[in-house]
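Here is the structure we will look at.
In this chain, numbering begins with 1 at the start of the sequence shown. Start at 1 and go down the list; that is how both ligands and their atoms are numbered.
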Amino acid sequence: MATVAFLGLGIMGYPMAGYLAKAGHAVRVYNRTASRAQQWLGDYAGEAFDTPAEAVRGAEFVFACVGNDNDLRQVVAGEQGAFEGMESGALFVDHTTASADVARELAAIGADKGIGFLDAPISGGQAGAENGVLTVMVGGEETDFERARPLIDCYARAVNLLGPVGSGQLCKMVNQICIAGVVQGLAEGLHFARAAGLDAEQVVEVISKGAAQSWQMENRHKTMLAGEYEHGFAVDWMRKDLAIVLDEAQRNGALLPVTALVDQFYSEVQALGGGRWDTSSLLARLTNLRSFD
Ligand SMILES: NC(=O)c1ccc[n+]([C@@H]2O[C@H](COP(=O)([O-])OP(=O)(O)OC[C@H]3O[C@@H](n4cnc5c(N)ncnc54)[C@H](OP(=O)(O)O)[C@@H]3O)[C@@H](O)[C@H]2O)c1
């Protein structure tokens with residue numbers, strides 16, 4: 001059993017750190033809002049600390065799942081950040097959805113201190129984290145990957161190494177590109193079904209057995225038709241991810257016309273007050289423009 005630290009006990013990090021504790025590892029946690037770490041200690045065995053630097057002391061593995069690039073920089077390389085307390089030979093595993101650039105930047109700082117770095121963004125949502133069945137997309141050195149894998153397995157059902165540092169984040173970008181187009185297609189389909197006077201529930205029942213089937217269709221159509229969006233993956237987070245995607249595409253030359261358009265649609269959802277709504281709220285935007293009810 002290893003001594004590990006987990007930084008960031010948000011919607012995703014809280015249950016992930018919990019799975020490490022349940023597996024028997026000695027888990028040292030840090031959360032910016034200390035009350036959340038205290039809550040975690042009520043649910044799981046471990047120790048809480050006031051700064052990342054203290055939490056990581058003596059830890060062989062350090063995991064993080066915070067918000068965006070700047071949050072990550074602060075927690076890792078800022079004052080009282082993880083790199084101040086980590087020892088040479090330790091390994092940092094970042095589960096934040098961030099840019100490939102920040103992964104390379106932090107990996108280089110870590111390398112100077114003898115600290116390994118894996119970028120390991122996740123997919124599977126809150127339910128995936130709570131049920132320990134996340135998909136993890138990893139970038140970094142193969143030896144580091146093999147070392148971290150048994151621990152990541154505690155909360156994942158698929159863990160894959162995609163290439164050097166940054167590759168995990170690039171894979172996650174592909175994931176978000178695919179989701180953006182699919183959700184808009186589903187929103188338009190349901191919107192059209194209503195305009196055509198069809199029973200949208202029945203339509204989904206029929207077409208979900210064929211080529212139109214998707215995770216979004218299966219898991220989101222009911223709440224979309226009910227106009228319920230207070231759950232799932234927030235539009236604000238999706239816009240953060242799509243900004244990273246579009247920035248990367250500027251550099252690698254990929255053409256992402258639909259992704260760019262859907263990003264604009266999400267800005268309209270934000271303007272409707274839906275920043276914290278699930279990404280399936282693209283239908284709310286259409287309904288707002290033209291309702292057939
Ligand atoms: N939610 C999902 O379905 C999902 C799915 C896949 C990937 N992700 C990605 O996973 C990451 C975390 O998502 P989440 O849903 O768990 O977010 P969340 O519930 O908002 O939690 C964010 C965590 O990061 C901490 N944090 C943020 N900025 C910080 C800073 N500057 N310094 C220290 N701590 C900081 C927060 O601390 P406080 O408690 O003090 O705010 C909190 O513990 C994001 O990159 C997100 O895009 C989320």
Suppose we screen for ring pair (Phe, Tyr, Trp, His ring centres under 6.0 Å). Which residues come up paired with Y30, at least two apart in sequence or across chains? none
Between D101 and R104, is there a side-chain N and carboxylate O pair less than 4.0 Å apart? yes
So, are E54 and R28 salt-bridged, with charged N and O less than 4.0 Å apart? no
Evaluate D247 against R251 for salt bridge (charged side-chain N to carboxylate O under 4.0 Å, His left out), listing each step before the verdict. CA-CA 7 Å; D247 183 58; R251 267 171 286 144; 2.5 Å; yes
Here's one to test your reading of the geometry: is the NZ or CZ of R285 within 45 degrees of the ring axis of F265 and under 6.0 Å from its centre? yes
Sidechain-backbone polar pair: K172 side chain, I122 backbone, donor-acceptor under 3.5 Å: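 Answer holds: yes.
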Under 4.0 Å from ligand 1, counting heavy atoms only: the protein residues, by chain and number: G8, L9, G10, I11, M12, Y30, N31, R32, T33, C65, V66, G67, D71, Q74, V75, T96, T97, I122, G125, Q126, K172, F233, W237, K240
